[in-house]
Amino acid sequence: MQISAEAMPAPAGPAPGLTTGIDPEVCARYVPAIVAEHLLSHAGSAPAPGLQSLQGAILFADISGFTALTERCAQAGGDSGAETLTTILNTYFGRLVGVIREHGGDVLKFAGDAMLALWRSEDEAGLSRATAHAAACALAVQAAMRDYRPGDGVTLTLRAAIGTGSIVLAHLGGTRQRWEFLVAGAPLAQVGAISGEAEPGEVLLSADATSLLYDDVRGELLDSGALRLNALRQPPAPRALTSPQWPAGFSQTLRRYIPFAILHRLAAGQTQWLGELRRLTILFVNLPELRHDAPLARMQQIMLALQQALYR
């Protein structure tokens with residue numbers, strides 16, 4: 001893994017200190033392992049924009065039925081709807097994340113009813129292994145979560161897609177000591193291109209992932225070059241994702257990547273009460289310039305402009 005950073009100012013803001021006294025293990029649940037390990041390797045250094053370059057496989061999982069479930073819970077009104085939705089989603093995502101971690105995957109992002117997970121490779125030779133673990137995990141996830149029925153006539157299903165290759169993680173921001181990490185690279189483009197072809201309950205491999213696993217896959221090759229995966233001839237044995245021992249006080253470092261709303265709940269000891277239904281206005285911003293090959297200084301400029309406009 002290569003890490004680079006450029007010297008450029010990152011505005012410092014008020015440090016809420018909300019994580020004082022919170023177990024680092026609790027904060028680490030809200031930060032991907034690759035980000036937490038990056039922060040640990042730079043412990044004692046001032047926060048700065050930077051890039052992490054690596055090889056790996058990406059699993060994109062898209063949940064169907066989530067919108068109908070949310071609407072039904074919202075119609076229930078009051079605290080009961082929020083509690084019902086929270087219980088269902090905690091159970092569902094708990095099982096989903098559990099299977100992914102059992103297979104060595106690192107959950108990077110949740111975006112609405114979709115999520116990204118990463119399998120890292122230390123070198124080019126390990127990319128096939130990482131892709132095989134991602135594929136085995138995707139099949140296990142579909143088996144574990146198939147036609148999940150939380151009740152009231154709602155069924156939750158998954159569409160899964162896997163891409164592989166070079167990945168860039170960009171660490172950006174700094175306004176009010178809030179940092180973001182962006183994930184970009186070929187695997188993201190691959191899953192974006194093929195995910196729409198997947199039916200509920202299916203796993204699709206990108207052409208690149210298929211070429212790495214060609215002798216070990218059973219499935220149907222699609223016109224797009226993607227493969228509808230049915231099975232692996234020799235699935236790898238699961239290797240659970242492990243975390244290092246976090247040092248005392250590391251919560252103050254991890255808090256940079258945790259939203260303020262979550263920090264306030266953690267500081268109040270409300271780790272079991274993070275679900276609520278709200279009426280919100282959502283702003284979606286498309287930034288075509290923010291590509292994996294964009295200059296770091298330009299990425300940082302864009303993120304600072306967003307943060308300074310939004311954090312009010």
Side-chain angles (χ1 to χ4, degrees), residues 18-19 22-36 59-118 134 137-160 181 183 200-201 238 240-243 246 251 254-255 257-280 282:
L18 291 172
T19 48
I22 300 178
D23 187 339
E25 291 290 340
V26 174
C27 287
R29 297 172 192 168
Y30 299 89
V31 180
I34 192 170
V35 173
L59 166 64
F60 173 79
D62 182 26
I63 303 165
S64 300
F66 177 82
T67 300
L69 174 62
T70 304
E71 289 176 350
R72 293 197 180 198
C73 290
Q75 290 170 1
D79 294 335
S80 63
E83 291 176 5
T84 299
L85 181 62
T86 300
T87 299
I88 292 172
L89 294 184
N90 278 344
T91 302
Y92 186 87
F93 283 114
R95 290 175 60 181
L96 176 60
V97 172
V99 174
I100 290 172
R101 290 184 64 88
E102 287 170 4
H103 284 76
D106 185 10
V107 176
L108 297 180
K109 294 275 189 181
F110 285 95
D113 53 5
M115 55 147 285
L116 290 176
L118 166 70
C137 177
L139 292 172
V141 162
Q142 291 290 25
M145 312 304 295
R146 190 175 307 278
D147 294 331
Y148 184 84
R149 293 180 174 86
D152 201 18
V154 175
T155 300
L156 299 180
T157 59
L158 274 173
R159 296 177 173 88
F181 74 96
V183 188
L241 182 69
T242 59
S243 299
W246 308 116
S251 295
L254 293 171
R255 64 165 291 280
Y257 289 80
I258 302 175
F260 291 140
I262 302 298
L263 287 176
H264 281 285
R265 294 295 185 91
L266 296 180
Q270 298 175 341
T271 56
Q272 301 300 318
W273 299 96
L274 294 178
E276 57 186 327
L277 291 174
R278 292 184 180 182
R279 291 188 179 276
L280 300 174
I282 301 297

key: Minimal non-hydrogen separation, Val31 against Ala36, with atom names   = CG1-N, 3.9 Å
request  = Using a 4.5 Å cut-off on heavy atoms from C-beta on, say whether the side chain of Leu266 contacts that of Arg255.
outcome  = no
message = Would Phe110 and Val97 count as a side-chain contact (heavy atoms from CB on, under 4.5 Å) here? Give the steps.
response = CA-CA 11 Å; Phe110 285 95; Val97 172; 3.9 Å; yes
message = I need the minimum non-hydrogen distance between Pro238 and Glu102, along with the two atoms involved.
response = CB-O, 3.5 Å
query = For the residue pair Arg95 and Met145, what are the closest heavy atoms and their distance?
reply = CB-SD, 3.9 Å
ask   = Where do Ser251 and Asp23 come nearest, in terms of heavy atoms and distance?
value = OG-C, 3.6 Å
request  = State the CG-CG distance between Leu116 and Asp106, to the nearest 0.5 angstrom.
outcome  = 11.0 Å
key: Contact summary for Ala140 and Val99, nearest pair of heavy atoms   = CB-CG1, 4.0 Å
ask   = So do Leu158 and Tyr148 actually touch side chain to side chain, heavy atoms under 4.5 Å?
value = no
key: Minimum heavy-atom distance Leu108-Phe181, with the two atoms named   = O-CZ, 3.2 Å
remark   = So CG of Leu254 and CD of Glu25: to nearest 0.5 Å the spacing works out to 9.5 Å
query = In Å, rounded to the nearest 0.5 Å, how long is the span from SG of Cys27 to CD1 of Ile262?
reply = 11.0 Å
ask   = Hey, what do you get for CZ (Arg101) to OG1 (Thr242), rounding to the nearest 0.5 Å?
value = 8.5 Å
message = Rounded to the nearest 0.5 Å, what separates atom OG1 in Thr157 from atom CG in Asp62?
response = 8.5 Å
key: Heavy-atom check, side chain of Val107 versus side chain of Met115, under 4.5 Å   = yes
